[in-house]
Amino acid sequence: MPEEKILIIAVKKPTQKDEHFHSSLEELISLGRTAGGNVVQVITQNRNRIHPATYIGEGKMEEIKLEVEKLDIDLIISNDELSPGQLRNLANFLGVRIIDRSQLILDIFASRAKTKEGKLQVELAQLEYILPRLAGHGVEMSRLGAGIGTRGPGETKLETDRRHIRNRIVDIKRRLKMVVRQREQYRKRRKTNEVFQIAIVGYTNAGKSTMFNRLTNSDSLEENKLFATLDPLTRKIKFPSGFEALATDTVGFIQDLPTALIAAFRSTLEEVKEADFLIHVVDASEENQVEQQKTVMKLLEELDSHTIPMLTVYNKRDLVETEFFPIQHPNILISAYDYDDLHKMLKRIEKILMEEWKSYSIQSNDGNMLAKLERDTIITAKEFDEQSNEFIISGYIRMNHPLNHLMN
């Protein structure tokens with residue numbers, strides 16, 4: 001299927017900062033590429049407020065129409081969420097398919113979801129998005145057969161039956177409740193096993209999956225595209241001291257994420273809330289990285305996860321061309337492709353944990369006990385005492401770990 005030619009339209013309001021506006025446009029271009037399209041033109045307009053009927057002003061509408069014909073545009077994407085009326089009016093006037101940023105993100109999610117839960121969550125978000133936009137949308141939607149913004153439920157003739165959509169929403173919510181319950185039981189089991197949990201968070205395309213794969217020797221999808229990872233993946237990770245933890249690769253954060261999606265991916269992001277430690281991955285070579293870090297920190301706050309101990313890992317060191325100034329602390333600058341860098345990063349995490357945990361020293365020759373200490377604590381010294389025929393072990397242990405009662 002040939003690449004669809006995309007024209008992006010965006011309104012800049014006086015309250016919007018220039019850098020935020022430009023970064024959101026660059027992101028939208030990148031999202032269009034991720035969805036398999038080619039952005040050939042961007043038309044922006046400065047307005048005091050968004051036009052209630054057509055989003056963009058009438059003069060601009062004429063200009064857009066000329067560009068659509070001249071460039072043979074297949075699809076228009078709006079940088080802001082459009083109301084049902086705005087969608088209808090624009091499509092009727094411009095005579096070409098039109099979607100907004102939210103629909104585009106939902107579309108990418110639909111093509112990326114792999115697990116049953118992921119697919120259900122995306123479908124729910126899409127249906128909740130489509131439902132209020134059905135009025136007068138029938139013609140365009142029934143004409144859809146393929147292309148960006150049409151994956152998932154949009155391509156069936158669901159628009160003819162609102163009741164069918166509402167029933168489907170109820171059904172998906174019921175099924176998701178069951179999946180969430182299963183996930184909670186699994187999480188509880190991990191907690192009772194006293195496994196230390198690390199969540200890898202960060203802006204989409206910061207290099208989380210690359211890092212995750214190299215730390216855990218697994219094969220989570222790695223692509224230079226937005227939202228390469230959707231379904232959370234959890235694997236074991238081993239630290240230089242022998243300490244073991246579970247690491248979860250999470251969905252990438254993004255500014256102006258559709259509300260429906262934040263709700264739909266609650267259980268994916270719940271992994272973050274349950275973590276004992278966060279690795280916040282930042283693309284150090286990205287010019288909008290300050291904005292991106294703010295977005296991640298704001299979302300972590302909304303998830304009530306901003307107080308979890310965290311190391312900010314500035315990734316893609318090899319692509320940084322100017323002097324680098326980190327804004328988050330503690331931090332480390334690495335390349336996820338460099339194993340020495342990853343080793344340094346793990347050592348740095350151990351150092352942070354040792355500052356938070358309590359030190360211990362113990363003598364034992366119990367094999368089970370020694371194995372537990374190796375796995376669940378950070379051992380700093382271990383020697384064999386020939387007189388007592390026991391190992392003398394020193395290290396650091398979490399305050400709430402069950403082994404604590406055996407420590408001096």
Side-chain angles (χ1 to χ4, degrees), residues 16-17 19-35 79 101-102 104-106 108-109 112 198-215 220-233 247-259 261-262 264-266 268-269 271-273 275 277-303 305-306 308 310-320 324-337 345:
Q16 260 177 314
K17 286 186 183 158
E19 60 264 35
H20 184 276
F21 181 67
H22 292 304
S23 76
S24 78
L25 272 182
E26 277 169 35
E27 197 163 82
L28 192 56
I29 292 167
S30 199
L31 286 165
R33 207 178 300 128
T34 295
N79 194 31
R101 182 193 190 92
S102 295
L104 177 63
I105 293 172
L106 288 167
I108 292 167
F109 272 50
R112 297 276 163 155
I198 295 171
I200 302 176
V201 300
Y203 209 78
T204 183
N205 210 26
K208 295 184 300 300
S209 296
T210 304
M211 180 185 293
F212 179 79
N213 290 347
R214 280 161 181 63
L215 288 174
S220 169
L221 177 66
E222 261 180 59
E223 274 190 63
N224 186 24
K225 281 187 173 178
L226 302 179
F227 303 123
T229 306
L230 259 199
D231 301 303
L233 200 61
T248 300
D249 187 14
T250 62
V251 60
F253 293 22
I254 189 168
Q255 63 187 25
D256 313 322
L257 190 68
T259 327
L261 264 182
I262 290 184
F265 279 83
R266 205 182 107 252
T268 304
L269 296 169
E271 292 286 339
V272 176
K273 217 155 87 178
F277 192 87
L278 301 179
I279 297 175
H280 173 195
V281 186
V282 178
D283 179 350
S285 68
E286 167 59 56
E287 58 180 292
N288 298 317
Q289 49 144 309
V290 172
E291 243 348 281
Q292 295 184 353
Q293 288 173 73
K294 282 182 192 161
T295 299
V296 172
M297 297 314 287
K298 184 167 163 277
L299 274 168
L300 285 175
E301 208 162 317
E302 282 168 21
L303 286 165
S305 306
H306 57 298
I308 298 169
M310 178 169 84
L311 174 66
T312 300
V313 177
Y314 290 99
N315 186 27
K316 308 192 186 180
R317 172 179 59 82
D318 44 319
L319 302 178
V320 177
F324 180 72
F325 298 103
I327 61 165
Q328 303 285 347
H329 298 276
N331 64 63
I332 188 168
L333 178 63
I334 69 153
S335 163
Y337 290 108
M345 180 189 83

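If you're wondering where the values come from, they're calculated on a predicted model, not measured in any experiment.
To the nearest 0.5 Å, atom CD1 of residue Ile308 and atom NE2 of residue His306 are 9.5 Å apart. With rounding to the nearest 0.5 angstrom, the CD atom of Gln292 is 8.5 Å from the NE2 atom of His280. The distance from the CD1 atom of Ile108 to the OG1 atom of Thr204 is 8.5 Å, given to the nearest 0.5 Å. Taking NZ of Lys208 as the start and OH of Tyr203 as the end, the distance is 10.5 Å to the nearest 0.5 Å. The line from CD1 of Ile279 to CD1 of Ile200 is 5.0 Å long, rounded to the nearest 0.5 Å. Atoms CG and OG, on Leu28 and Ser23 in that order, are 11.0 Å from each other to the nearest 0.5 Å.
Of all the heavy atoms in Lys273 and Leu303, the pair that sits closest is CD-O, 2.9 Å. Between Ala275 and Ile198, the shortest heavy-atom contact is CB-C, 4.4 Å. Taking all atoms of both residues into account, the shortest heavy-atom contact from Val296 to Gly202 is CG2-C, 3.8 Å. The two residues Ala336 and Thr210 make their nearest non-hydrogen contact at CB-CG2, 3.9 Å.
By the side-chain contact (heavy atoms from CB on, under 4.5 Å) test, Ile332 is found to be paired with Leu311, Val313, Ile334, Lys344, Met345, Arg348, residues two or more places apart in sequence or in another chain being considered. Every side-chain contact (heavy atoms from CB on, under 4.5 Å) that Ala284 has, sequence neighbours left out, goes to Tyr314, Val320, Phe324, Leu333. For Ser305, the side chain to side chain donor-acceptor pair (under 3.5 Å) criterion is met by no residue, not counting sequence neighbours. A search for side chain to side chain donor-acceptor pair (under 3.5 Å) contacts involving Asp283 returns Ser285, Lys316, not counting sequence neighbours. Looking at residues two or more places apart in sequence or on another chain, you find a salt bridge (charged side-chain N to carboxylate O under 4.0 Å, His left out) between Lys298 and Glu302. Partners of Glu26 according to the side chain to side chain donor-acceptor pair (under 3.5 Å) rule, which considers only residues two or more places apart in sequence or in another chain, are Asn288. In this structure, the side-chain contact (heavy atoms from CB on, under 4.5 Å) partners of His20, at least two apart in sequence or on a different chain, are Gln16, Lys17, Gln255, Asp256, Glu291. Remark: Thr295 engages no residue in a side chain to side chain donor-acceptor pair (under 3.5 Å) (not counting sequence neighbours).
Residues Leu278 and Leu300 are in side-chain contact: their nearest non-hydrogen atoms beyond the backbone lie under 4.5 Å apart.
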